[in-house]
Amino acid sequence: MKLEKEYVENAKKNAALEAVKNVKNGFVIGLGSGSTVAYAAEELGKRIKTEKLHVLAVPTSHQSFMLSVKNGIPTTTFEENPTLDLTIDGADQIDEKLNLIKGMGGALTREKIVAAASKKLIIIADERKAVKTLGENKQAVPIEVVPFATQFVIRKIATFGGKPKIREGSGKVGPVITDNGNFLIDADFGLIRNPAELEKKLKAVPGVVETGLFVGMTDTVYLGTREGVKKIERKE
Ligand code: 5RP
């Protein structure tokens, strides 16, 4: 499907606007990372100003912290607020069961921690992200690794049938360094028919910090489409 840039940006923004309607006065929220979340941060900032909403956010990356500051969203930490009412985040792929591949923005570890600490996970995306099966269109699974373990993890991933590649930076030579001081491996596994099983195998490899497979975590997706925003709830 070929969608022009302006349409895609509108679809992302519309999905974000719908998601932010779920934020209520007094909520402590997780704020994800990425370009779609930037629209949510902007909208939340507006609501805080105009409705005098009291909301605190736990940011999931330096980007999301900076978005919070820019949009006047007060931030907090897990130390102060270990349970979150809601997390709003983006995704790189969403399957029919609302399992996700995340982490093309490199913030998967904190995003997964925040999602796990939330009573509800809302995902916002444009319709290009929706697929039948994760791994379609050669979408790789981002995996955060302790630098020391990189070559060991790469060899293990190959034995699981994956094609691993260390993520290289742009604007800097060498590997991307995550907000946690680690490396990222992007691994193409082809079609991922059983994401829970793959997740379990990857997490059992020493040196793997976290994977971009979010299995059974999403409650609601707001998907920006040509026909408007579709709200999709996870079926139990
Ligand atoms: C960052 C992520 C992002 O949520 C994901 O990459 C989607 O980003 P965008 O909204 O820019 O397409 O997982 O780690």
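Treat the numbers as computed from the prediction; the structure is a model and nothing was measured. Every number for a ligand or one of its atoms is a count from 1 in the order of the listing.
Residue Gly103 places a heavy atom less than 4.0 Å from ligand 1. In this structure, Lys129 counts as a contact residue of ligand 1, since one of its heavy atoms falls inside 4.0 Å of the ligand.
Using a 4.0 Å cut-off between charged nitrogen and carboxylate oxygen, Lys235 and Glu233 do not count as a salt-bridge pair. Using a 4.0 Å cut-off between charged nitrogen and carboxylate oxygen, Asp186 and Lys165 do not count as a salt-bridge pair. Under the 4.0 Å criterion applied to side-chain N and carboxylate O atoms, Glu199 and Lys112 are assigned as salt-bridge partners. Ion pairing of Lys200 with Glu197 is absent here, as no side-chain N (NZ or NE/NH1/NH2) approaches a carboxylate O to less than 4.0 Å. Using a cutoff of 4.0 Å between basic side-chain nitrogens and carboxylate oxygens, Asp95 and Lys97 are not scored as salt-bridged. Under 4.0 Å is where a charged nitrogen must lie from a carboxylate oxygen, and between Lys120 and Asp219 no such pair does.
Atom 10 (O) of ligand 1 has Thr36 OG1, 2.6 Å as its closest protein atom, hydrogens excluded (heavy atom only). For atom 8 (O) of ligand 1, the closest non-hydrogen atom on the protein side is Gly34 CA, 4.0 Å. Closest to atom 3 (C) of ligand 1 among all protein heavy atoms lies Ser33 O, 3.3 Å. The nearest protein atom to atom 9 (P) of ligand 1, hydrogens excluded, is given as Ser35 OG, 3.4 Å; this is a heavy-atom distance.
Hydrophobic clustering of Ile, Leu, Val, Met, Phe, Trp and Tyr side chains at less than 4.5 Å, counting indirect connections, unites Val215 with Ile192.
Taking OG1 of Thr133 as the reference point, atom CD of Gln93 lies at 9.0 Å (rounded to 0.5 Å).
Residues Ile29 and Val23 meet the side-chain proximity criterion, which asks for heavy atoms closer than 4.5 Å.
Only the backbone of Ala91 comes within 4.0 Å of ligand 1, judged by heavy-atom distances. Of the heavy atoms in Asp89, only side-chain atoms (C-beta onward) come closer than 4.0 Å to ligand 1. With a 4.0 Å cut-off on non-hydrogen atoms, Glu111 touches ligand 1 through its side chain and not its backbone.
Every atom of ligand 1 is numbered from 1 in the order shown, and the set under 4.0 Å from a heavy atom of Ala107 is 14 (O). Interface atoms of ligand 1 facing Asp92, defined by a heavy-atom separation under 4.0 Å, are 5 (C), 6 (O), 7 (C), 13 (O). The contact set between ligand 1 and Met104, taken as ligand atoms under 4.0 Å from a residue heavy atom, comprises 6 (O). Taking every heavy atom of Gly105 and a limit of under 4.0 angstrom, the matching atoms of ligand 1 come to 1 (C), 6 (O), 14 (O). Near Gly106, meaning under 4.0 Å from one of its heavy atoms, ligand 1 places the atoms 14 (O). Shown in contact with Gly90 at under 4.0 Å from a heavy atom are these atoms of ligand 1, numbered in order with element: 4 (O).
In this structure, Lys102 forms a cation-pi arrangement with Phe214, its terminal cationic atom sitting closer than 6.0 Å to the ring centre and no more than 45° off the ring axis.
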